Each structure stands twice: as C-alpha cells, then as structure tokens.
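Encoded as structure tokens, the structure appears first; notes follow it.
Everything quoted here is computed from the prediction, not taken from an experiment.
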Amino acid sequence: MQANKGEWSELYALFAIFANHKVPAADKNLDPIGDQYEFLQVLREDIPGQLRIYDLEQDGVILISEQVGQVIKAIPVGSLPEKTKKLFEKIKAAHESSFAIPEASELMNEFELKKIKASPSSKSDLVATIKDKISSRQQLGFSIKSQVGNPATLLNASQHTNFVYKVEDFEGSIEEINRIDSKKKIQERLMRIEEMGGKYVFSHIESNIFTENLQIVDTLFPGILAELLLRYYFGEGNTVQELADLVGEANGYNLSKKIVVYKMKEFLKIIALGMVPSKEWNTYISAQGGYLIVREDGQLVCYHLYNHDEFKDYLFENTKFDTPSSSRHGFGEIYQENGEYFIKLNLQIRFIK
C-alpha cells in the first residue's frame with residue numbers, strides 16, 4: 001500500500017491511540033494544557049457493512065470485536081508504543097509524495113485493517129467512545145490533521161467557491177487583460193484592470209448552496225468574505241488573521257474589527273467540523289468530537305468541543321488563503337455579460353503548516 005504523509009499520519013494517529021489510550025487537550029499553539037481525553041473504544045468500518053470495534057479498556061490487551069459483540073482477536077499492547085514510534089519516524093523521513101511502509105502493512109494485518117484511511121463518508125476520520133472530565137462515556141467523531149508533510153487544506157477549491165465581482169467603469173480591453181500570463185497573473189490582471197478605471201463591487205457567489213451556508217454565519221458574511229478574498233488576490237496579505245485585521249479596520253458594513261474576527265473564527269470552525277460548500281448544511285457538526293492533530297514531533301493532541309475557543313483561535317492563527325488552479329476552477333479572467341464586466345476569484349483555505 002502507498003499513501004502520502006497526511007494519509008499515513010491518519011493511520012499513525014489511530015495506532016498512537018491504541019498504544020496510549022489518552023490524548024491531551026491543546027491550546028491554540030498545539031501545546032498540551034493538562035486535560036486528558038481517554039479513548040475507550042475505536043470504531044472502524046474499512047469494508048461497508050463490516051464494523052470493527054477496538055476495545056481499549058482492558059489492561060495490556062486490545063480486543064477486536066464485530067458489531068454483534070463477538071471477540072475475534074485479542075492483541076497484546078506491549079510492543080505497540082515502540083512500533084508506533086518507528087511508524088512515525090518512517091513517515092517523517094520519507095521524501096516521496098507517495099510511498100509504502102512495510103512495517104505499517106504488518107501492523108494493519110495484525111489489527112484487521114484493510115485501508116490506510118477510514119471511509120470518507122463524513123468529516124469524521126475517526127469515530128471513538130471517549131471519557132472526559134464532563135462525560136463518563138460518549139461516542140464522537142474526530143477529524144485528523146497532520147503537521148507532517150505538506151500543509152493540509154481546510155477549505156477545498158471548487159466552482160462552488162467562486163466569488164463573482166462586477167467591474168464598474170472599466171475602459172480597457174478584455175483581450176489585453178486576459179493575455180497577462182505571469183506567475184502572479186491574477187494579481188497583475190486585477191491591478192491592470194484598476195489602472196484602466198475598473199472598480200470592483202462584489203456581486204454574488206457562483207454557488208447558491210455555498211451562499212446560503214455562509215448566510216447561516218451571518219447574512220452579511222458573504223460580502224465580508226468577498227472583501228477578504230479581493231484583498232488577498234491584490235497581494236495585501238495571505239494569512240486569515242492579517243486579512244481579517246485589514247477588513248476589520250475598514251469595511252463597508254459598519255462592523256468593528258472584533259465582529260469581523262469573531263465571524264471569521266465561526267466560519268473556520270464550521271468548515272473544519274461539518275460544512276462543505278457543495279452541500280446544503282443542516283447546521284449540525286459531523287465531526288462532533290473535534291480535531292486530532294499530529295504535531296511535527298509525533299505528539300498527538302486534541303481539540304474537543306469543550307475547548308472550542310482554543311480550537312477557533314488555533315484555526316484563525318494557523319490558516320491562510322491559497323490560490324488554486326485558475327483553469328481548473330474557471331476564474332481569474334475578465335468577461336462580459338449583458339453589457340457588463342465581471343471577474344471571478346476563487347476561495348481556498350490551507351493550513352500554514
């Protein structure tokens with residue numbers, strides 16, 4: 001089996017839980033803050049209809065059961081921490097974009113695992129029964145992100161994330177603008193349009209579904225996000241924090257910087273835990289437990305919904321806007337429609353590391 005570092009990290013997180021059973025809560029800097037979440041069971045369905053329940057409550061052994069409750073295997077935990085550590089070292093040392101780890105395949109066979117990643121049925125990469133300081137037992141879903149390898153994407157680009165701007169007072173040539181084909185072609189096209197008298201007015205988001213999802217945050221939020229996006233493509237900043245600060249200082253909605261920052265944090269949280277641009281959001285969180293983060297040093301930490309303020313701060317301070325392929329997603333060229341000029345810009349958000 002071959003996978004990239006992010007995918008292997010998801011498997012590593014699973015074995016780290018098997019080996020240690022407990023994961024510390026984290027602050028916005030990914031440092032443990034003292035609280036521990038104890039994992040009692042992990043549920044995994046690699047093959048549809050074939051659920052495996054990993055019981056972590058027994059001393060020195062992990063019991064694997066089927067949905068009916070029949071134990072099919074008992075695995076001693078003794079050497080698992082050392083094997084898990086070696087797995088992480090292999091992941092971190094790899095240089096290829098996709099690679100195999102023979103030792104991982106042996107562990108997967110031992111633990112009745114057929115796939116490196118869990119089935120992508122929801123935002124939850126891992127479903128577990130946990131115990132914490134508030135609840136004695138609850139089943140929750142977690143999303144897993146890794147700092148090992150390339151930074152993960154928080155919001156994936158698609159045509160649903162295209163923002164449409166009306167270009168008013170433009171007196172130039174469409175052909176001249178769209179011929180600009182440098183490394184920073186989007187920024188240079190926007191600046192050239194402005195030199196030719198163009199002014200940008202947010203019109204709408206290409207996707208009605210994404211529009212409505214954003215309006216759940218606030219009816220004004222699509223316009224606020226459009227302003228952040230425009231400033232990003234003009235090169236005024238790229239991190240979410242600095243762009244939110246810019247828009248918070250000067251916006252057309254009579255909103256304070258504090259309000260803009262708060263709404264942006266809420267947006268990042270719902271993207272992280274359930275909402276996707278292409279599907280009508282029912283306002284429920286599908287990764288109900290929170291986030292598990294594999295740090296660069298192999299430490300596994302958790303953001304539970306109980307410490308959601310730390311989680312929102314982490315997202316706000318560790319994400320940035322990114323430019324996807326303009327040809328693939330159909331944006332970045334000025335065009336004319338019913339005698340008026342428009343340009344589309346695409347939203348993609350990625351972790352800084």
Side-chain angles (χ1 to χ4, degrees), residues 153 155-238 240 242-244 246-247 250-255 260 263-264 267 271 275-281 320-350:
T153 302
L155 176 68
N156 290 314
S158 69
Q159 290 196 349
H160 287 273
T161 62
N162 275 335
F163 285 62
V164 183
Y165 300 80
K166 185 178 178 182
V167 184
E168 298 181 343
D169 303 329
F170 175 65
E171 298 178 354
S173 162
I174 290 178
E175 290 76 16
E176 178 187 342
I177 298 297
N178 293 339
R179 275 200 303 267
I180 298 173
D181 195 25
S182 64
K183 188 176 181 180
K184 295 184 177 180
K185 62 183 179 183
I186 308 296
Q187 180 181 343
E188 292 181 9
R189 287 173 186 175
L190 291 173
M191 295 176 72
R192 185 62 179 143
I193 289 169
E194 199 170 56
E195 290 171 1
M196 294 178 171
K199 299 180 180 65
Y200 301 97
V201 178
F202 173 59
S203 174
H204 62 281
I205 299 173
E206 194 165 7
S207 167
N208 291 332
I209 296 173
F210 193 34
T211 301
E212 186 172 299
N213 289 348
L214 294 179
Q215 287 173 337
I216 293 173
V217 177
D218 189 287
T219 54
L220 298 176
F221 192 66
I224 295 171
L225 197 52
E227 181 66 20
L228 269 75
L229 188 63
L230 185 62
R231 287 174 180 255
Y232 162 69
Y233 277 101
F234 261 102
E236 295 182 36
N238 71 339
V240 168
E242 63 188 351
L243 290 168
L246 284 172
V247 173
N251 63 77
Y253 301 98
N254 294 319
L255 299 175
V260 172
K263 293 184 185 301
M264 196 62 197
F267 166 66
I271 282 288
M275 190 261 275
V276 293
S278 59
K279 294 181 181 179
E280 185 177 334
W281 187 43
K320 64 179 181 178
F321 283 32
D322 195 23
T323 305
S325 167
S326 58
S327 58
R328 179 179 178 186
H329 301 295
F331 73 96
E333 293 188 346
I334 189 170
Y335 62 95
Q336 196 170 24
E337 194 172 89
N338 298 324
E340 296 181 312
Y341 295 102
F342 298 90
I343 192 168
K344 298 176 185 178
L345 300 176
N346 191 274
L347 176 65
Q348 178 170 275
I349 300 176
R350 186 180 295 278

CG of Leu347 to CG of Leu225, rounded to nearest 0.5 Å, is 5.0 Å

Quick one: side chain to side chain donor-acceptor pair (under 3.5 Å) partners of Ser325, sequence neighbours excluded? Ser327

Contacts of type side chain to side chain donor-acceptor pair (under 3.5 Å), residue Thr219, not counting sequence neighbours: none

Can the ring centroids of Tyr200 and Phe234 be said to lie less than 6.0 angstrom from one another? yes

What pairs with Asn156 under side-chain contact (heavy atoms from CB on, under 4.5 Å), at least two apart in sequence or on another chain? Thr153

If I take atom CG from residue Leu229 and atom CG from residue Leu345, how far apart are they, to the nearest 0.5 angstrom? 5.5 Å

Begin with the C-alpha distance, continue with both residues' side-chain angles, and end with the deciding distance and a verdict on side-chain contact (heavy atoms from CB on, under 4.5 Å) for Leu214 and Met275. CA-CA 9 Å; Leu214 294 179; Met275 190 261 275; 4.2 Å; yes

At their closest point, which heavy atom of Met196 faces which heavy atom of Gly172, and how far apart are they? SD-CA, 3.4 Å

Non-neighbouring partners of Tyr232 that pass ring pair (Phe, Tyr, Trp, His ring centres under 6.0 Å), sequence neighbours left out: Phe321

Asn213 and Lys279: which non-hydrogen atoms are nearest, and at how many Å? ND2-O, 2.9 Å

Closest heavy-atom contact between Pro324 and Phe331? O-CZ, 3.7 Å

Any ring pair (Phe, Tyr, Trp, His ring centres under 6.0 Å) pairs touching residues 177-196, not counting sequence neighbours? none

Shortest non-hydrogen contact from Ile205 to Pro222? CD1-CB, 3.9 Å

From Lys185 atom NZ to Thr323 atom OG1, the distance as rounded to the nearest 0.5 Å: 10.5 Å

If every non-hydrogen atom of Phe342 is compared with every non-hydrogen atom of Glu337, which pair is closest and at what distance? CE1-O, 3.8 Å

Gap separating the NE2 atom of His204 from the OG1 atom of Thr211, nearest 0.5 angstrom: 8.0 Å

Using the test side chain to side chain donor-acceptor pair (under 3.5 Å), find all partners of Ser173 that sit at least two apart in sequence or belong to another chain. Glu175

Could you pull out all residues at least two apart from Glu171 that satisfy side-chain contact (heavy atoms from CB on, under 4.5 Å)? none

Output all residues satisfying salt bridge (Lys or Arg N to Asp or Glu O under 4.0 Å) with Arg192, sequence neighbours left out; order by chain, then residue number. Glu176, Glu195

Listed by chain and number, what are the ring pair (Phe, Tyr, Trp, His ring centres under 6.0 Å) partners of Phe267, not counting sequence neighbours? Phe221

Which heavy atom of Ile209 sits nearest to which heavy atom of Pro277, and what is that distance? CG2-O, 3.6 Å

Treating Arg189 as the side-chain partner and Ile334 as the backbone partner, does any N or O pair qualify as donor plus acceptor under 3.5 Å? no

Starting at CD1 of Ile177, measure out to CD of Glu188 and round the result to the nearest 0.5 Å. 11.0 Å

Residue list, salt bridge (Lys or Arg N to Asp or Glu O under 4.0 Å) with Lys320, at least two apart or on another chain: none

Do Leu228 and Met264 touch side chain to side chain, with heavy atoms closer than 4.5 Å? yes

Tell me which pairs pass salt bridge (Lys or Arg N to Asp or Glu O under 4.0 Å) where either residue lies in residues 322-336, with sequence neighbours left out. Asp322-Arg350

Donor-acceptor list for residues 162-169 side chains, cut-off 3.5 Å, not counting sequence neighbours:
| residue | atom | partner | partner atom | Å |
| --- | --- | --- | --- | --- |
| Asn162 | OD1 | Asn346 | ND2 | 2.8 |
| Asn162 | ND2 | Glu206 | OE1 | 2.9 |
| Asn162 | ND2 | His329 | O | 2.9 |
| Tyr165 | OH | Ala226 | O | 2.6 |
| Lys166 | NZ | Glu340 | OE2 | 2.7 |
| Asp169 | OD2 | Lys199 | NZ | 3.4 |

Could you grab the distance from atom CD1 of Ile349 to atom CG of Asn238, nearest 0.5 Å is fine? 12.0 Å

